[in-house]
**Student:** 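Pasting a structure here, questions to come.
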Amino acid sequence: MYRAPRGTADILPEEQPYWRYIEREMVNVCQLYGYERIDVPVFEDIQLFTRSVGEETDIVKKEMYTFEDRGGNIITLRPEGTAPVCRAYLEHGLHNLPQPVKLYYIAAIFRYERPQAGRYRQHYQFGCEAIGDDDPALDAEVIDMAWKFFMSFGLRGLSLNLNSIGCKQCRPQYLTALKDYYADRIQELCSDCKMRLKRNPLRLLDCKKLLCQQIANSAPRSVDHLCPQCNEHFDRLKRYLDLLALPCVIDHCLVRGLDYYTRTVFEIQPEEAGAQSTLGGGGRYDDLIEELGGKPTPAIGFATGIERIIVNLKKQGVAVPALPRPQVFIAYVGDEAKDEATKLSSTLRRNGIGVIEALGSKSLKAQLRQANTLSAHHAVIIGEQEVKTGTVILRDMTTAQQKTIPLNQLPGLLR
RNA sequence: GUGAGUGUCGCCUAGUGGUCUAAGGCGCCAGGUUGUGGCCCUGGAGAGCGAGGGUUCAAAUCCCUCCACUCACCCCA
């Protein structure tokens, strides 16, 4: 028997209300902030990701689904959404539009990892990107919008963490300070952190091991090493966030896993931080567009994992609205009645009334049982009597009241 | 990639070497008289116990290998 590939999942009808609810809230919020939808391909040239995400990141080193197609092109299933959107921005000359260009997407993301709670090989992310402006008010707006999402879903008890990791001017000095600090403590570090010190020193700061965390807490802070421009940017951002009264907490150990981030980084986490706790995160990537071959273009974005939102909605017991279904069930007795039922179903649907017609030649009892299971509001029953008289029995399934009515009155009564 | 746990009908679960050619609940299907649901009653379909190999007179029950799932690490949404 075939099974869905490891780390993938079927989203069955009973799960769909969560997905449609989240999608709807997202679209609403995006419209409030002036974001427009973009859909980008599921796969891209591998280099788009190796260039942008960073050769040393786990995503590029071990998590990409990459293959050679029949034309000899090296293709990668997108492991994140920002780079493809930036590619589209450049490819279609969107810099000719009023800046910033605000785009959002809801897209499947692919990462070859060992699955666990809240982590899949194919998962779905909502993401938004505001490309073409470096005003810290835009940072504040993106963070505000991210926060609004989770509030609109009805999630509570979330924390909003913020940091600034500087730009390519001031980051090198900071990294030097960081490495100097850690060099003295190298023997106290876990084996992973020893590697990080060489490969990706920023990541030293968010090691989960208790001892490493203690060391990280007293490490030099990126915000103390910002250049004047970055410092002013961060100060102004904090002021805007105050104005918006967002419950923001500065986390000096917050860094993000992708290389392209500059200046502002932020994350949103649920109260009870489980293992895969991050609900969403984002930040500025002021160098990325240039890195991909465009003119220097500042930008900021945010992404969130839809599966993780659903996990939290369930954990918090948030009720989501049911999806609409046909409320009318049509039952029949006899072949002539079945002909009538078939015609009637079509007529009702043409009038915008959702209908489920019985099939086969089941007993009326069985048909009504099905109507009940489907929780139809009304059953329409057609038998030999009704065919002869051009009528129909309309039965209210909640009150069990029923009456015979002329066929042509039915659409009006059901509407 | 590493570590731990789990694996019996669609779902949940009983069964820990021999009346297990596997039991129950939910769900599903059908009946309970003649054209009518939900409650109740009755019956039915549905697994050979993740897969393969061993041990044994005998295995769902013990051992081995593999696979899958779950959780955790790495990392991230």
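Per chain, numbering begins at 1; letters A, B, ... match sequence-line order.
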**Student:** Considering every strand shown, what is the Watson-Crick or G-U wobble mate of B/A45 when both distances are under 3.5 Å?
**Tutor:**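 Because no pair has both required distances under 3.5 Å, B/A45 counts as unpaired.
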**Student:** According to salt bridge (charged side-chain N to carboxylate O under 4.0 Å, His left out), does anything in residues 380-391 of chain A pair up with another residue at least two apart or in another chain? List the pairs.
**Tutor:**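 Pairs touching residues 380-391 of chain A that pass the test: none.
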**Student:** For residues 24-42 of chain A, pull every pair meeting salt bridge (charged side-chain N to carboxylate O under 4.0 Å, His left out), keeping only residues two or more places apart or in separate chains.
**Tutor:**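 Counting only pairs at least two positions apart or across chains, the salt bridge (charged side-chain N to carboxylate O under 4.0 Å, His left out) contacts touching residues 24-42 of chain A are A/Arg37-A/Asp39.
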**Student:** For A/Cys207 and A/Tyr261, take the nucleotide of RNA chain B holding the closest heavy atom to each; which residue's nucleotide lies nearer the 5' end?
**Tutor:**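 With A/Cys207 and A/Tyr261 compared, the 5'-side residue is A/Cys207.
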**Student:** Using whole Å, what does the distance between atom P of nucleotide B/C67 and atom CZ of A/Arg6 come to?
**Tutor:**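 For the pair A/Arg6 CZ and B/C67 P, the rounded distance is 9 Å.
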**Student:** Counting Watson-Crick and G-U wobble pairs only, both distances under 3.5 Å, name the nucleotide matched with B/G17, or none.
**Tutor:**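 Base partner found: none.
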**Student:** Could you check whether A/Tyr120 gets within reach of a base, just the sugar-phosphate, or nothing at all, counting any heavy atom under 4.0 Å?
**Tutor:**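 Counting heavy atoms under 4.0 Å across all strands, the contact made by A/Tyr120 includes a base.
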**Student:** Identify the nucleotide, in any strand shown, that forms a Watson-Crick or G-U wobble pair with B/G1, with both distances under 3.5 Å; if there is none, say none.
**Tutor:**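 Partner of B/G1: B/C73.
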**Student:** Taking the P atom in each of B/U19 and B/A59, what is the distance between them to the nearest angstrom?
**Tutor:**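 B/U19 and B/A59 have their P atoms separated by 11 Å.
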**Student:** Is the base of B/G48 syn or anti, where syn means the angle lies within 90° of 0?
**Tutor:**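 Base orientation relative to the sugar is syn.
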**Student:** Could you tell me how far B/A60 sits from B/C69 if I compare only their P atoms? Round to whole Å.
**Tutor:**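 Per the computed distance, 26 Å lies between those P atoms.
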**Student:** Could you please name the partner base of B/U6, counting Watson-Crick and G-U wobble pairs only when both distances are under 3.5 Å?
**Tutor:**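 B/A68 is the nucleotide pairing with B/U6.
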**Student:** Could you give all pairs that pass the side chain to side chain donor-acceptor pair (under 3.5 Å) test and reach residues 4-18 of chain A, with sequence neighbours left out?
**Tutor:**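 Side chain to side chain donor-acceptor pair (under 3.5 Å) check on residues 4-18 of chain A returns A/Glu15-A/Lys314, A/Gln16-A/Arg20.
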**Student:** What is the distance, rounded to the nearest whole Å, between atom CD1 of A/Ile106 and atom C1' of B/A77?
**Tutor:**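 Checked: the CD1 to C1' distance equals 14 Å.
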**Student:** Would you kindly give the CZ-to-P distance between A/Phe110 and B/A77, to the nearest whole Å?
**Tutor:**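 Checked: the CZ to P distance equals 16 Å.
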**Student:** Filter on salt bridge (charged side-chain N to carboxylate O under 4.0 Å, His left out), then keep only pairs touching residues 259-269 of chain A, sequence neighbours left out; what's left?
**Tutor:**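 Qualifying pairs, neighbours excluded: A/Arg256-A/Glu267.
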**Student:** Got a second to check how far A/Glu129's CD is from A/Ile300's CD1, nearest 0.5 Å?
**Tutor:**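 Spacing of CD (A/Glu129) from CD1 (A/Ile300) equals 9.5 Å.
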**Student:** What class does the angle between the rings of A/Tyr105 and A/Phe126 fall in, given that below 30° is parallel, 30 to 60° is tilted and above 60° is perpendicular?
**Tutor:**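 Geometry flag for A/Phe126 against A/Tyr105: parallel rings.
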**Student:** Counting Watson-Crick and G-U wobble pairs only, both distances under 3.5 Å, name the nucleotide matched with B/A22, or none.
**Tutor:**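 Check on B/A22: unpaired, no WC or wobble geometry under 3.5 Å.
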**Student:** Under 4.0 Å, counting only non-hydrogen atoms across every strand here, what does A/Lys362 touch: a base, just sugar-phosphate, or nothing?
**Tutor:**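 Sugar-phosphate only.
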**Student:** Looking at B/C62, which nucleotide sits across from it as a Watson-Crick or G-U wobble partner, both distances under 3.5 angstrom, or is there none?
**Tutor:**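 With both distances under 3.5 Å, B/C62 matches B/G54.
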**Student:** Taking B/G53 as the reference, what is the distance to B/G10 when you measure between their P atoms (whole Å, please)?
**Tutor:**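 It comes out at 23 Å once rounded to the nearest Å.
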**Student:** Could you state the atom-to-atom distance from NZ of A/Lys61 to P of B/C75 in whole Å?
**Tutor:**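 These atoms are roughly 10 Å apart.
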**Student:** Mind checking the C1' distance from B/C67 to B/A22? Whole angstroms is fine.
**Tutor:**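 Their C1' atoms lie roughly 24 Å apart.
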**Student:** Quickly work out the A/Gln367 CD to B/A30 P distance and round it to whole Å.
**Tutor:**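 In whole Å, B/A30 P lies 10 Å from A/Gln367 CD.
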**Student:** Please give, in whole Å, the distance from B/A77 P to A/Asn312 CG?
**Tutor:**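 In whole Å, B/A77 P and A/Asn312 CG are 16 Å from each other.
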**Student:** With a 3.5 Å cut-off and no angle check, do the side chains of A/Ser375 and A/Arg325 form a donor-acceptor pair?
**Tutor:**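 Yes, because at least one side-chain N or O of A/Ser375 sits under 3.5 Å from a partner of the opposite role on A/Arg325.
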**Student:** Rounded to whole angstrom units, what separation is found between the CD atom of A/Glu113 and the C1' atom of B/C73?
**Tutor:**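 Interatomic distance, CD of A/Glu113 to C1' of B/C73: 12 Å.
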**Student:** Would you mind reporting whether A/Met145 and A/Cys30 have side-chain heavy atoms less than 4.5 Å apart?
**Tutor:**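 The answer is yes; the side chains approach within 4.5 Å.
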**Student:** Which pairs, protein N/O on one side and nucleotides 33-38 of chain B N/O on the other, fall under 3.5 Å?
**Tutor:**
| unit_1 | atom_1 | unit_2 | atom_2 | d |
| --- | --- | --- | --- | --- |
| B/G35 | O6 | A/Gln385 | N | 3.3 |
| B/G35 | N1 | A/Glu386 | OE1 | 2.8 |
| B/G35 | N1 | A/Glu386 | OE2 | 3.3 |
| B/G35 | N2 | A/Glu386 | OE1 | 3.3 |
| B/U36 | O2 | A/Arg395 | NE | 3.4 |
| B/U36 | O2 | A/Arg395 | NH1 | 2.9 |
| B/U36 | O2 | A/Gln402 | OE1 | 3.2 |
| B/U36 | N3 | A/Gln402 | OE1 | 3.0 |
| B/U36 | N3 | A/Gln402 | NE2 | 2.9 |
| B/U36 | O4 | A/Gln402 | NE2 | 2.8 |
| B/G37 | N7 | A/Arg395 | NH2 | 2.5 |
| B/G37 | O6 | A/Arg395 | NH2 | 3.1 |
| B/G37 | N1 | A/Met397 | O | 2.5 |
| B/G37 | N2 | A/Asn372 | ND2 | 2.6 |
| B/G37 | N2 | A/Met397 | O | 2.9 |
| B/G37 | N3 | A/Asn372 | ND2 | 3.2 |
| B/G38 | O4' | A/Asn372 | OD1 | 3.1 |

**Student:** Please, which pairs that meet side chain to side chain donor-acceptor pair (under 3.5 Å) have at least one residue in residues 133-144 of chain A, sequence neighbours excluded?
**Tutor:**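 Those involving residues 133-144 of chain A are A/Tyr33-A/Asp144, A/Lys102-A/Glu141, A/Asp139-A/His233, A/Asp139-A/Thr264, A/Asp139-A/Arg284, A/Asp144-A/Lys148.
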**Student:** With heavy-atom distances below 4.5 Å as the criterion, would you say the side chains of A/Val40 and A/Ile38 are in contact?
**Tutor:**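 Yes; the side chains approach each other to less than 4.5 Å.
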**Student:** Mind running a 4.0 Å heavy-atom check of residues 28-59 of chain A against RNA chain B and sending the residues that fall below it, in number order?
**Tutor:**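 Within this stretch, A/Asp58 sit under 4.0 Å of the strand.
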**Student:** Kindly state each residue pair satisfying side chain to side chain donor-acceptor pair (under 3.5 Å) with at least one member in residues 172-188 of chain A, sequence neighbours excluded.
**Tutor:**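 Output for this query is empty, none listed.
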**Student:** Using atom P of each nucleotide, how far apart are B/G50 and B/A14 to the nearest Å?
**Tutor:**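 Pairwise P distance, B/G50 against B/A14, rounds to 14 Å.
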**Student:** Identify each donor-acceptor pair in which a side-chain atom of residues 403-415 of chain A lies under 3.5 Å from a protein atom, sequence neighbours left out, and give them as a table.
**Tutor:**
| unit_1 | atom_1 | unit_2 | atom_2 | d |
| --- | --- | --- | --- | --- |
| A/Arg415 | NH1 | A/Asn351 | O | 3.3 |
| A/Arg415 | NH2 | A/Asn351 | OD1 | 3.3 |

**Student:** Who pairs with A/Gln370 by side-chain contact (heavy atoms from CB on, under 4.5 Å), at least two apart in sequence or on another chain?
**Tutor:**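 Per chain and number, A/Gln370 pairs via side-chain contact (heavy atoms from CB on, under 4.5 Å) with A/Phe329, A/Lys362, A/Leu374.
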**Student:** If the C1' atom of B/G18 is compared with that of B/G25, how far apart are they to the nearest Å?
**Tutor:**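 Here B/G18 and B/G25 have their C1' atoms 27 Å from each other.
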**Student:** Spell out protein contact along nucleotides 2-11 of chain B as letters: B when the base is contacted, S when just the sugar-phosphate is, - when no protein heavy atom is under 4.0 Å; keep the 5' to 3' order.
**Tutor:** BB--------
**Student:** Please determine if a side-chain N or O atom of A/Gln116 lies less than 4.0 Å away from the OP1 or OP2 oxygen of B/A72.
**Tutor:**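 Looking at the OP1 and OP2 atoms of B/A72, one of them is under 4.0 Å from a side-chain N or O of A/Gln116.
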**Student:** For residues 157-166 of chain A, run the donor-acceptor check on the side chains, cut-off 3.5 Å, and write out each pair with its distance to 0.1 Å, sequence neighbours left out.
**Tutor:**
| unit_1 | atom_1 | unit_2 | atom_2 | d |
| --- | --- | --- | --- | --- |
| A/Asn163 | ND2 | A/Asp251 | O | 3.3 |
| A/Asn163 | ND2 | A/His252 | O | 3.4 |
| A/Asn163 | ND2 | A/Leu254 | O | 2.9 |

**Student:** Checking base pairs now: Watson-Crick or wobble, both atom distances under 3.5 Å. What partners B/G38?
**Tutor:**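 Paired with B/G38, as far as the under-3.5 Å criterion goes, is no nucleotide at all.
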**Student:** How far does the P atom of B/C9 sit from the matching atom of B/G46, given to the nearest Å?
**Tutor:**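 Comparing P positions in B/C9 and B/G46 gives a spacing of 15 Å.
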**Student:** Taking atom P of B/A77 as reference, at what distance in whole Å does atom CD1 of A/Ile306 sit?
**Tutor:**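 Taking CD1 of A/Ile306 and P of B/A77, I get 14 Å after rounding.
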**Student:** Pick the C1' atom in B/A23 and in B/C71, then give their distance to the nearest Å.
**Tutor:**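 To the nearest whole Å, 31 Å.
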